[in-house]
**Q** 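I have a structure I would like to understand better, so I am pasting it below and will then ask my questions one at a time.
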Number of protein chains: 2
Amino acid sequence: MSLERRTTKQKEAIRAVLATQEGPLMPDEIHAMALKAVPSLGIATVYRSLKTLQDEGMVRCVEIPGQSPRYERSDKGHHHHFLCQKCHTVFDLEKCVEGIKKLVPPGFRITDHEIILHGLCKSCV
Amino acid sequence: MSLERRTTKQKEAIRAVLATQEGPLMPDEIHAMALKAVPSLGIATVYRSLKTLQDEGMVRCVEIPGQSPRYERSDKGHHHHFLCQKCHTVFDLEKCVEGIKKLVPPGFRITDHEIILHGLCKSCV
DNA sequence: ACGATACTGATATGTCAATCTCATTAAAGA
DNA sequence: TCTTTAATGAGATTGACATATCAGTATCGT
């Protein structure tokens with residue numbers, strides 16, 4: 001546990017990648033992108049920084065079924081995701097749907113929901 | 001690859017578990033349940049049988065974000081799932097929602113969708 | 001500029017689901 | 001019943017991902 005917290009170019013590079021990110025990214029994608037800014041960057045630092053950023057509440061984990069965890073900025077509002085079956089990129093969706101509550105069985109309490117669309121993205125159609 | 005196919009009590013036990021299954025089950029859950037019918041049943045046989053049943057089209061894989069794959073009978077119609085955050089059981093939902101297509105961005109083509117609700121089930125509320 | 005120490009990078013290690021190996025068992029046609 | 005060989009069970013192995021280790025580096029308050 002660190003009481004102090006230092007600003008390093010590694011963490012800044014990772015932060016920068018997440019700041020410009022379109023959809024949620026996997027650790028190795030973040031690594032590859034941040035590598036352009038800090039060529040010596042190790043994958044362990046990516047995992048460490050992601051954990052720190054999560055603890056700080058800046059970043060949130062997004063799980064897509066059958067895939068390893070991805071990460072996105074947590075300042076984005078409520079939204080859902082689209083997985084392209086061809087290029088395997090995940091896109092953010094802006095809107096949500098009505099009537100989710102109608103799905104909940106009697107006696108159950110809903111706290112959250114997620115919708116994942118599958119198909120082909122604009123580039124892969 | 002086997003040209004022939006034999007009926008064994010192991011496979012029948014696994015089939016029986018899936019026949020009475022309420023929501024999708026994980027391999028180790030199927031194993032634990034089928035163990036009551038065939039005490040010697042090995043986990044490898046569960047994986048092998050699940051693969052066979054998938055090839056035959058009897059069983060389908062269901063992925064819940066952040067969890068390992070679960071399996072359910074494929075004769076169930078279109079439906080979605082509810083994950084209880086307390087007991088981690090997955091329940092089938094009967095209805096679907098309208099307006100999914102409105103989420104799709106221009107130029108994208110949708111082929112499928114899934115909705116996962118999170119909360120507390122009847123027993124855990 | 002100095003010093004304490006948080007951070008990093010390379011690699012070893014851990015974790016866990018799923019598969020493979022292989023000797024043994026048992027299903028089913030002859 | 002006999003024979004062929006598909007299927008099984010136990011344990012070893014794999015593979016993907018994440019964490020731990022530790023010596024060396026770099027930040028930042030003084």
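Just so we're on the same page: letters track the sequence lines, and every chain starts at 1. Just so it is clear, the structure is predicted and the values come from calculations on it, not from any experiment.
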**Q** So, R70(B) and E63(B), do they make that salt bridge, N to O below 4.0 Å?
**A**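 Not counted as a salt bridge, because no side-chain N and carboxylate O are separated by less than 4.0 Å.
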**Q** Without decimals, in angstroms, what is the distance between Q67(B) CD and dC16(C) P?
**A**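 These atoms are roughly 15 Å apart.
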**Q** Within less than 4.0 Å of OP1 or OP2 of dT19(C), is there a side-chain N or O belonging to K51(B)?
**A**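 Yes, because at least one side-chain N or O of K51(B) sits under 4.0 Å from OP1 or OP2 of dT19(C).
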**Q** Output the rounded distance in Å from CG (L50(B)) to P (dT8(D)).
**A**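 After rounding, the gap between these two atoms is 12 Å.
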**Q** Using the side-chain heavy atoms of K11(A), tell me which of these nucleotides is nearest: dT19(D), dA10(D), dT8(C).
**A**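 Closest of the options to the side chain of K11(A): dT8(C).
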**Q** Quick one: does R60(B)'s side chain have a donor or acceptor within less than 3.5 Å of a partner on E72(B)'s backbone?
**A**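 No; zero donor-acceptor contacts below 3.5 Å.
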**Q** Are side-chain N/O atoms of T7(A) and E12(A) paired as donor and acceptor at under 3.5 Å?
**A**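 Short answer, no.
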**Q** Does any N or O in the side chain of R73(B) come within less than 3.5 Å of the main-chain N or O of V59(B), such that one atom is a donor and the other an acceptor?
**A**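 Flag not set: sc R73(B) to bb V59(B) has no pair under 3.5 Å.
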**Q** Let's see if you can work this out: which of dT19(D), dC7(C), dA7(D) has an atom nearest to the side-chain heavy atoms of Y47(A)?
**A**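 Looking only at heavy atoms from C-beta outward on Y47(A), the closest nucleotide is dT19(D).
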**Q** With heavy atoms under 4.0 Å as the rule, sort I43(A) into base, sugar-phosphate or nothing.
**A**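 Since no nucleic acid heavy atom lies under 4.0 Å of I43(A), the category is nothing.
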**Q** Using atom CZ of R48(B) as one end and atom C1' of dT25(C) as the other, report the distance to the nearest whole Å.
**A**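 It works out to 13 Å between those atoms.
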**Q** Starting from P on dT19(D), measure out to CG on D28(A) and report it in whole angstrom.
**A**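 It is 14 Å, rounded to the nearest whole Å.
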**Q** In whole angstrom, give the distance that lies between atom CD1 of I30(B) and atom P of dA18(C).
**A**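 Roughly 11 Å, once rounded to whole Å.
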**Q** Got a list of protein N/O to nucleotides 27-30 of chain C N/O distances below 3.5 Å?
**A**
| from | atom 1 | to | atom 2 | distance (Å) |
| --- | --- | --- | --- | --- |
| dA27(C) | N3 | R6(B) | NH1 | 3.1 |
| dA28(C) | OP1 | T7(B) | N | 3.0 |

**Q** Calculate the interatomic distance between E63(B) atom CD and dA17(C) atom C1'; express it in whole Å.
**A**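 E63(B) atom CD is separated from dA17(C) atom C1' by 12 Å.
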**Q** Take the protein atom CD of E12(A) and the nucleotide atom P of dC7(C), then report the distance between them rounded to whole Å.
**A**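 From E12(A) CD to dC7(C) P: 13 Å.
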**Q** Any salt bridge linking E56(B) with R5(B)? Criterion: basic side-chain nitrogen under 4.0 Å from a carboxylate oxygen.
**A**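 Salt bridge: yes.
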**Q** Tell me if a side-chain donor or acceptor on S49(A) pairs with a main-chain N or O of K11(A) at a distance below 3.5 Å.
**A**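 Answer holds: no.
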**Q** Separation of I14(B) atom CD1 from dA7(D) atom C1', in whole Å?
**A**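 Rounded to whole Å, this separation is 11 Å.
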**Q** Using a distance-only test with no angle check, is there a side-chain donor-acceptor pair under 3.5 angstrom linking E114(A) and H81(A)?
**A**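 Distance-only check fails for E114(A) and H81(A).
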